[in-house]
Each structure stands twice: as C-alpha cells, then as structure tokens.
Amino acid sequence: MDLELSFKVFKLYILQILPERMHWADAIAQELMRRSDEHAIATGTSISGRIHLGNAGDVIFGDGAYRALEKLSPSSLKLIWFSDDMDPFRRVPAGLDPSFERYLGMPVSSIPCPDKCCSSFVEHYSTIFLNSLKKLGIEPEVHSTTDMYFKGIYENSIKKAIEKKDEIRKIFKEVSGADRPKDWMPFTPVCENCGRISTTKPLSYEDGSIEYRCEGGVVRGKLIEGCGHKGHSDLKHGKLSWRVEWAARWAIFGITCEPFGKEHAVSGGSYDTSSIISREIFGWDPPLPLQYEHVLVGGKKMAKSIGNIMTVKDLLNYLEPEVIRFFFFRSRPITHKDFDMVKLMQLAEEYEHVERIYRGSESPSPREDEGEIKSIYELSQVGEAVKEKPIQMPFRSLVYLVQVNDDVNWIASRLGVEPDKVEKKIQLVERWVEEFCPPEMKFQVSPELPGVELPPVLKEFLQKLSKSLEKDVREKEVQDRIRKLSSELGISPKEAYRAVYLVLLGKDHGPRITTLMKSLDKNFLVKRLRLEG
RNA sequence: GGGCCUGUAGCUCAGCCAGGUAGAGCAAUCGGCUCUUAACCGAUCGGUCGGGGGUUCGAAUCCCUCCAGGCCCGCCA
C-alpha cells in the first residue's frame, strides 16, 4: 500500500517536471539537430496530372520540419521539391484528350501542355501546384529531375551504379527478395527515335554510352509497343531506376529528412532498399523518414477514377490558407486524415479555437497543452504568427449571415470589422454554403407564407408583435417585445420564437431573430407576421 | 504471400514511443448576459479506451490473439 502510493507520488512528480508535450515537428527537428547541424529536407511529386491535396501534404509536412528546424538555427537549411518529371507517363488522366495516349511510356517532361498555355504538361500542372503552395507560405527550392539528368548532375551516380550493379542486385535480393536478371541495368535510356522510356532495354554499357533496343514494355498492365530502334544513349537522356535514383539524390543533395507515404515505407519497400544503396553505394546516411498516411476525401481515397481529386487551389476557394495548413499540423502525420468538405466548418472552428488560445483571448483547458497548441498555431501560419487578441470572423457566424444578407457592408458592421477585411472570407463562405452546407444549416426566407397551422394564441402573439414592429424595429426592443408579449399571453418564449421562425422560414429554428428581422423589408415583415402573405 | 495505419464521448481528435486519477474542441442539455434557439459566458451531460487473454502493485499505453475499417508492397515509381 505504502509502496504503491510512493510509486504514484513519484510518477506524478516526474510528470510535473517533464517538459510539456512536444509537437511532432519539434521532436523531429530535435532529433535532426542531434544528428547534424546542416539540413536539407526533400519532398517530391510525380507529375501525372493535377497535383492534389495529398501530394501537397508531402511538401507541407516537409515545411513543418523545416520551420521547426529553423527555430533551432542550424548552420544550413533548405527545403527542396523534386518534380519527378522523368517518370514515364502511365495513364491519361480523366478529362484529358484521349489522344494523349500516344505519349504513354514517354517521360512526362516530354508531353506538351494540355491547354497549350504553358511550355509543357509538367509546367502546366506544377505551376498551379507551386503557386498554391506559395499561398500557403511554402516556397521550396525546385529541381526538375529531367533537368538534373540533362545537366549531368546524376552522371557520376549513374556511372557508380552501373559499376556496382551486381552489388545493387544483391541488395535488392536481400532487402526485398526481388530478383533482378543478370543483365539488369540501373539506368534506362530514352529511345532517341520514339521518345519513350518504358520501352527501351539496355544491352551493354561502355565508356558513358549505353547501347539499347526499343523493344516495348508494360505500363500499368498495358503493353506499349517499342519502335524497334537500336541505338546508343549518353547518360543524360534516361533515368536511374527509382530506388537507385532516390539514394543517389539523397547523397547529391545531402538530404537529411524526407516525408513519404507508406508505398515507400512498407517493409522491404523502397525506403529500406534505398537506405542500404545510399549507405553502401553512395556513402550517405539515409534521411530521417517522416512517414505519413495518405489524405482521404470524404472517407475515400482520392482517385481520378472517382473524380474526387481535391487540389490546394480548389480548396483555397473555400478556406483560408491557414486552415489548410492547420489540417496537416493539428495531428500526427501518421494519423488518418479525412478531408471532408461537409465537415469543413468544424475544421475552421477548431482552427479559430486554437487561434483564440494562442492569441490570448481564451485560456486553454487543463488538458490542452499550451506548448503544443503554440506549435500547431505557428505552423499553421502563412507568415509570422501575431500575438494580439484576434478580431475573428467565425466561419459559423458567416454561414448564417451570408444566408440572411450577403451585403459586405452589412456583414462587416455585424461583425464589427472593416468591410475590406471580411470581403474575401464572405466569398469563401458563400461558396461553401452553396455547394456543401448540410441542409439543417441552410435556410431561406420563404417568399410565400409557409403553410403552417398555429394555435390561436400564437397567431395573436404574431399579430401583436407585428403591430409593435410597425413603429419600431430596433433590435433590443424587438427582443424585449417578444419576451413581454409572450409573458402577457402566457406562452413560453421558446414557443414564441418558434412561431416567428415558422412563418418566416418554414422551419422551427433559425439564425438570431434580430439579425434576421433587421435584414428584411419592414413592410414585408409586418405583413408576414399578420399572416397576410 | 508480405507489410502499414486506424479503432478513445454523437462528431473531429489528444493521450500510447519512456505504464500511474480517462481528456479537449465541436454538438447536445440547462442556465446567464438589462439582448432566451445559432457570434459571447458558465455549468451539466456524455466513454465496459474495438473484443479476449497475458505481463505488472497498477494497462488506453507493453506483449499475444481475434474483430472491424482504411491502405500499401508483391509491375514502375
């Protein structure tokens, strides 16, 4: 008994002196600083069409680590985004002209812009992506893998990999049990005749030159025919096999941390293999992995076939950038994340809550960790976090206000803010209300008197209320009047309010009554309360 | 065939790595604010921590197992 008690006391004491809980980004930054004080964080995206929210998550998580490291002042620090544009084009995304099929098997960097507005397919999609990341305050150093090959940045790595290809084959065998054939080459050239990379087979290597034949290959289970061309390629027009390329890239850029999804993280997967290749072939310690779970949308995987692709650009039509960042930083990367457009208001409210705590207009509850909340809020900011008490324009309030009256000046005066401050947010909320707002939060003043049966006493109440409104619609008096009348007539205020909502909206509840009334034409209101249409 | 993640209050999630009084926000309910529904404030309600077993003085937390959901690898990346 005594022993048990002393254990408890000891533990409670320890808990008190332990530092506050730590945000994952801070924990990673600490671990990284323990390892070294020069850091490069790598993120990357394979460009196969519109770049969605999940792809953005990769970079956003990287930015989280970047910002947390920044606070610890390492001697050098950068955030890199690799445009994986030497990858072969594997599937024509939905919505694109089917004629793009002719590019299957070519490096995506050689496909033209689908809208003929940019210099290429890759530029088209990556520009949109990078611009929307910029709005989230993320501006990584950008590298195109195609350019890197062209410029010869990979050349030494390719030579080394070819030299040690048998060693690499052994690593593949040991780590993932995959048998690469004896004549396997870690580098695949682009066919100089047809421009495809999925169809070429390297035959031999000598002095920086690869002999190959374009004999065809399989892409997503579909056979792509080769053109039959036989030729020689230098080491600038082709690509290292992924796991080798990944390792080479780590070594070349000195990558110390990289976020990635489970497709790489799986046991025997590319992170395992690349780690060993990195260490044994290129002599670089693999980066600290930052594993994350993929983002779902409305409980489903984002897929072009389902048509539920959500991009940051799309999302910026409904949410402020801070809330999008908040979505990624409020919980651990490994946690399932479901971006549900219908529940977006809840997300916005949680962000507002964290903002109030950070900026001192609300105190955290005993179980909320102030240090962690501080990190979450700071990581959610596009720029510097501000400490002053916020003037908030709550998403929820706006949802109701825009449905009553979408005049900017009127809404601004209700919220007590400058019209130009709220204008943008009104647009965001209006779009959400129109497209995703659940029906129970939607309302509309009925143009005709809704067909409702009211007991005589409530009719009398409405008549009297109507009369008093003929003279005066100042809001304090309206509420006073409703209360007075309901007590005079012996009905509960609740019934009284219900009656008003019924005749105005056809529903038994609605937004604050004075807000609603004030936005309506006085004559209309008086008539309606008299049940005259 | 191999692996990963998730399961804690109606909803969204902390807490798990380093076992020690089950938490927050939102919702709901009730009340307050000279202004009673949905801008604010307070209080309350709400959970056999997916099930079972084990280790332990003590398990949401560690181990085993089962169930449910989501996903990945086993072509290429």
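Lettering of chains follows the sequences in order, A, B, ..., and the numbering in each one begins at 1. In this text the structure is predicted, and so the values were computed from the model without any measurement. Just so it is clear, the values below take in all heavy atoms, side chains as well, and ignore hydrogens, waters and symmetry mates.
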Nearest-Å distance once atom C1' is located in both B/C64 and B/G1: 22 Å
Value in whole Å for how far the P atom of B/U12 lies from CZ of A/F328: 18 Å
Sugar-phosphate only, base, or nothing, as touched by A/S241 at under 4.0 Å among non-hydrogen atoms: sugar-phosphate
Rounded distance in Å - CH2 (A/W184) to P (B/C75): 15 Å
Sugar-phosphate, base or nothing in reach of A/Q291, heavy atoms under 4.0 Å: sugar-phosphate
Distance, rounded to the nearest Å, where A/M86 contributes CE and B/A77 contributes P: 13 Å
Test ring pair (Phe, Tyr, Trp, His ring centres under 6.0 Å) applied to A/F61 - qualifying residues, sequence neighbours left out: A/W24, A/Y292, A/F328
Nucleic acid footprint by protein, nucleotides 67-74 of chain B - heavy-atom cut-off 4.0 Å, B for base, S for sugar-phosphate alone: --BBBBS-
A/Y318/A/F436 aromatic ring centres below 6.0 Å: yes
Sugar-phosphate only, base, or nothing, as touched by A/Q346 at under 4.0 Å among non-hydrogen atoms: base
Whole-Å gap separating C1' (B/C13) and CD1 (A/I373): 12 Å
Side-chain donor/acceptor of A/T45 to backbone N/O of A/S83, under 3.5 Å: no
Sugar-phosphate, base or nothing in reach of A/T335, heavy atoms under 4.0 Å: sugar-phosphate
Rounded interatomic separation in angstrom, taking CH2 from A/W242 and P from B/A77: 9 Å
Those residues that, when tested against A/Q346, pass side chain to side chain donor-acceptor pair (under 3.5 Å) (two or more places apart): none
Nearest-angstrom distance, C1' atom, B/C4 to B/A9: 28 Å
Those residues that, when tested against A/Y351, pass ring pair (Phe, Tyr, Trp, His ring centres under 6.0 Å) (two or more places apart): A/F326, A/Y377
Whole-Å C1' distance, B/G46 and B/C57: 32 Å
Test side chain to side chain donor-acceptor pair (under 3.5 Å) applied to A/S278 - qualifying residues, sequence neighbours left out: none
Of the listed nucleotides B/C13, B/U12, B/A77, the one nearest the side chain of A/R330: B/U12
Between B/U61 and B/C16 - C1' atom distance, rounded Å: 4 Å
Those residues that, when tested against A/H353, pass ring pair (Phe, Tyr, Trp, His ring centres under 6.0 Å) (two or more places apart): none
Same-atom distance (C1') from B/A24 to B/C45, integer angstrom: 16 Å
Structure string for RNA chain B in dot-bracket form, Watson-Crick and G-U at under 3.5 Å, | interchain: ((((((((.[[[[.)....(..]]]].(((((.......))))).....[[[[[..)....]]]]])))))))....
Base-contact (B) and sugar-phosphate-only (S) positions in nucleotides 37-44 of chain B, heavy-atom cut-off under 4.0 Å, - elsewhere: BBB-----
Residues in side chain to side chain donor-acceptor pair (under 3.5 Å) contact with A/S375, at least two apart in sequence or another chain: A/D26
Atom C1', compared across B/U8 and B/G51: separation rounded to whole Å: 15 Å
Partners passing ring pair (Phe, Tyr, Trp, His ring centres under 6.0 Å) against A/F253 (at least two apart in sequence or in another chain): A/F82, A/H143
Residue list, side chain to side chain donor-acceptor pair (under 3.5 Å) with A/R498, at least two apart or on another chain: A/D508
Test item: side-chain donor near acceptor, A/Q444 and A/Q403, under 3.5 Å: no
Integer-rounded Å distance: B/C17 C1' and A/D26 CG: 17 Å
Nucleotide B/C13, atom P - distance to CD1 of A/I334 in whole Å: 15 Å
Integer angstrom distance from the C1' of B/G54 to that of B/U44: 40 Å
A/F89-A/Y103 aromatic ring centre distance below 6.0 Å: no
For A/R90, salt bridge (Lys or Arg N to Asp or Glu O under 4.0 Å) partners two or more places apart: none
Any A/R332 side-chain nitrogen or oxygen under 4.0 Å from OP1 or OP2 of B/C5: no
Nearest-Å distance once atom P is located in both B/U21 and B/G15: 16 Å
